[in-house]
Amino acid sequence: MAKISAPKGTRDFYPDEMRRRRYLEDVWRRVSLRAGFEEVDGPIFESLELYIQKAGEEIVTQLYNFEDKGGRPIAIRPEFTQSLARMVVARQAALPRPIKWFNISRCCRYERAQKGRLREFFQWNCDILGAEGPAADAECIAVAIDALQEFGLTKEQVEVRLSSRKLLSVMLAKLGLSDAAIPKVYLVLDKRGKVPADVIHHMINEIEMTEDQRKRVVDIMDMSSLDGLPSFFGDDPEVLEQLRELSQVVSLLGDDAAQFVRIDFGIVRGLAYYTGPVWEVFDKTGTLRSLCGGGRYDNLIAASGGKAMPACGFGAGDVTMGLLLDSLHAWPNDLTPRADFYVSCVQAASVSKVLPLVRRLRSLGRSAIHDLISSNIARQIKNADAMGVRYNVVIGSHKCSDDEVILGNMRTHEERTIRIQDLLKSVQDGTI
RNA sequence: GUGAGCUUAGCUCAGUUGGUUAGAGCACCAGGUUGUGGUCCUGGGGGUCGGGGGUUCGAAUCCCCUAGCUCACCCCA
């Protein structure tokens, strides 16, 4: 039989990888729950139409789709947001506001795999619906930062780059740029930092606008705070309003979280999608794709057939986060689950006593394991040690009677003889 | 869709201008140690050198084709 390998862009999760995946998910879930988000989920496949409706026919080339046996066009979910919108719309009137939901979804996209991007991945989403205004945006950013800190990351290692689609479009409109020039400016903004400075310079010079406009576009591009803006636009009320809203997002975070945040109008993201503040999290070495991205998308629910409803949220993938923790050696030291007890057995005659004791220990909520391949006592203890077990329990030693066992602390090397019922009692009391 | 690189043991990799029977470390298994663990010592299993074809007395090594993987561009909800 031919060996068949896993499909391109997918991963096998052997125990090592699975532990890391669970660790990521545990952090995401813990952080979400303590911020008051409720976990939701939808099907792993949806009607293909759900994605076409939003992104157009071209999206089909970028996802896994098939016809089911009833001839219905189906797609494996490439993201969760469309499912979320569908779920919200279905019960929109009945859901208490604001809606705060989170989800950890397995998603597939048919794309060429490369560093930080695979065909199957896990994505954490947090969304707040029914809340307009900067408080909800700040809450999303706060939760994302909370997760970063929970992973042990500092403001020296990662940063949140914050922009505002609305502020940016108002500013560009006020500069009097032509309709043809504005998309090109977005493109340049998006490319900045990804391609060499002289290329950026060249791209800007290619855009048709006056020298004054060009200079101002460059100024906006280079801005890393909002301080200069009011004088820049002569206290224009529209600009000021958007500026105030974006500043509030930062100030609501408080000094501690705001230290992670930097204003960067280079954050563009999906043009059709976002309507207000947008942000992405990057590692500061700049070697990885974004760790997390989000923003305000007030049109989504209406576009999905519901009543207009403000919404904001973010998504974070497991692949890039894993790469970052790899490169920083920031995984927790020991994710290996260690059993509390290894019940070993000296003589064949006592073998039948092993599993019953193991089961008693397990029923008390402790983890207990034992030999399954007839190892001698030396091998059993060797195995127990290799697995980092806390206590070794020896049954059938000539040093003790039938209702006794030897309890060995694998770390301190202390041994003592103890009656089985006393052992179980101590375990129950929590003294062992 | 475009371009580049890589492929030798389960993993990470050596392998000299082509030259005996293809190696190391780690991992795994066993013994030293048949009633007590980490170290150590000894041994063992495991390779169609990605696949196919060609050149040659001789190919892991050179040439051609092909597959797979990786990286970058495009795209990125």
Side-chain angles (χ1 to χ4, degrees), chain A residues 2-12 14 16-17 46 50-56 58-63 75 77-85 105 107-119 121 123 125 187 190-191 194-195 199 267-274 278 280 287-290 293-295 297 299-300 303-304 313-315 317 319-320 323 342-350 371 373-400 405-415 417:
Chain A
K3 286 184 192 171
I4 297 173
S5 53
K8 186 196 284 279
T10 66
R11 292 165 290 175
D12 290 323
Y14 288 86
D16 259 0
E17 293 83 15
E46 289 271 10
L50 184 67
Y51 305 108
I52 294 178
Q53 213 170 52
K54 174 193 163 195
E58 322 80 69
I59 196 74
V60 177
T61 64
Q62 289 168 62
L63 43 76
R77 63 181 173 196
E79 60 170 327
F80 181 69
T81 308
Q82 295 312 307
S83 301
L84 175 115
S105 49
C107 299
C108 294
R109 295 179 184 178
Y110 193 81
E111 295 183 289
R112 291 283 285 261
Q114 52 189 279
K115 190 176 185 181
R117 190 171 74 178
L118 299 174
R119 287 184 167 181
F121 56 93
Q123 197 172 56
N125 288 276
L187 187 66
D190 190 45
K191 287 294 168 197
K194 297 174 192 167
V195 299
V199 176
I267 299 302
V268 178
R269 295 183 62 78
L271 292 175
Y273 193 62
Y274 290 101
V278 288
E280 286 186 86
T287 54
L288 296 172
R289 314 171 73 85
S290 82
Y297 43 91
N299 298 333
L300 177 71
S304 302
F314 67 88
V319 181
T320 310
L323 288 172
Y342 189 107
V343 178
S344 52
C345 174
V346 177
Q347 50 183 353
S350 306
D371 174 61
I373 53 175
S374 305
S375 308
N376 62 34
I377 185 67
R379 172 63 60 190
Q380 290 179 57
I381 292 172
K382 200 171 191 162
N383 288 342
D385 178 57
M387 288 184 279
V389 172
R390 289 200 180 81
Y391 295 103
N392 175 43
V393 178
V394 180
I395 290 181
S397 167
H398 69 266
K399 294 185 215 162
C400 59
V405 293
I406 297 171
L407 178 69
N409 185 317
M410 298 293 280
R411 247 161 256 171
T412 62
H413 300 216
E414 287 169 303
E415 276 191 3
T417 301

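Just so you know, these numbers come straight off a predicted model, no measurement behind them. Here is the naming used below: chain letters follow the sequence lines, and residue numbers restart at 1 for every chain.
- For A:Met410, the listed nucleotide lying nearest its side chain is B:G37; candidates were B:C75, B:G37, B:G31.
- Going from the P atom of B:U8 to that of B:U70 covers 14 Å, rounded to whole Å.
- In this structure, A:Thr81 and A:Ile381 both approach RNA chain B, and ranking their closest nucleotides by distance from the 5' end singles out A:Ile381.
- Residue A:Gln62 is in base contact, counting any heavy-atom pair closer than 4.0 Å across all strands shown.
- Closest contact between the side chain of A:Glu415 and the listed nucleotides B:U36, B:A30, B:C75 involves B:U36.
- One atom, CZ of A:Arg77, and another, C1' of B:C76, lie 19 Å apart when rounded to the nearest Å.
- Contact between the side-chain N/O atoms of A:Gln114 and the OP1/OP2 oxygens of B:A72 is found at a separation under 4.0 Å.
- To the nearest whole angstrom, the two C1' atoms, one in B:U55 and one in B:G46, are 33 Å apart.
- With distances taken from any side-chain atom of A:Glu79 to the nucleotides B:G1, B:A30, B:A77, the minimum falls on B:A77.
- Taking every side-chain heavy atom of A:Arg379 into account, B:G31 is the closest of B:G31, B:A77, B:C75.
- B:G3: Watson-Crick or G-U partner is B:C71, with both key distances under 3.5 Å.
- Minimum atom distance to the side chain of A:Arg112 is reached by B:A72, of the listed B:A77, B:A72, B:G37.
- Partner assigned to B:U61 is none, using Watson-Crick or G-U wobble distances below 3.5 angstrom.
- Using a 4.0 Å heavy-atom criterion, one finds that A:Lys54 contacts the sugar-phosphate atoms exclusively.
- Between the base of B:C76 and the side chain of A:Arg109 there is no donor-acceptor pair shorter than 3.5 Å.
- Residues A:Ile377 and A:Gln347 have side chains not in contact (no heavy-atom distance under 4.5 Å, counting atoms from C-beta outward).
- Atom C1' of B:C69 sits at a distance of 36 Å from the matching atom of B:C57, rounded to the whole Å.
- For the pair A:Gln82 and A:Lys54, the minimum side-chain heavy-atom distance is below 4.5 Å.
- A gap of 14 Å separates the C1' atoms of B:G51 and B:A60, to the nearest Å.
- Between A:Lys115 and the phosphate of B:C73, there is no side-chain N or O to OP1/OP2 separation shorter than 4.0 Å.
- Look at B:A77: it lacks any Watson-Crick or wobble partner with both distances under 3.5 angstrom.
- In this model, the phosphate group of B:C69 is approached by a side-chain N or O of A:Lys8 to a distance below 4.0 Å at OP1 or OP2.
- Counting non-hydrogen atoms under 4.0 angstrom, A:Glu111 reaches a base of the nucleic acid.
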task = Dump the intermediate steps for salt bridge (Lys or Arg N to Asp or Glu O under 4.0 Å) on A:Glu17 and A:Arg11, then the final yes or no.
result = CA-CA 9 Å; A:Glu17 293 83 15; A:Arg11 292 165 290 175; over 6 Å; no

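- Among the atoms of the strands shown, base atoms are found under 4.0 Å from some heavy atom of A:Gly396.
- Rounded to whole Å, the P atom of B:C76 lies 46 Å from the corresponding atom of B:U16.
- In this structure the side chain of A:Leu84 never reaches within 4.5 angstrom of the side chain of A:Asn125, judged on heavy atoms.
- Ring-plane geometry between A:Tyr273 and A:Tyr297 is classed as parallel, the angle between the planes falling under 30 degrees on a 0 to 90 degree scale with a further cut at 60.
- Using N1 to N3 plus N6-O4 or O6-N4 for Watson-Crick, or N1-O2 and O6-N3 for G-U wobble, each under 3.5 Å, B:U42 pairs with B:A30.
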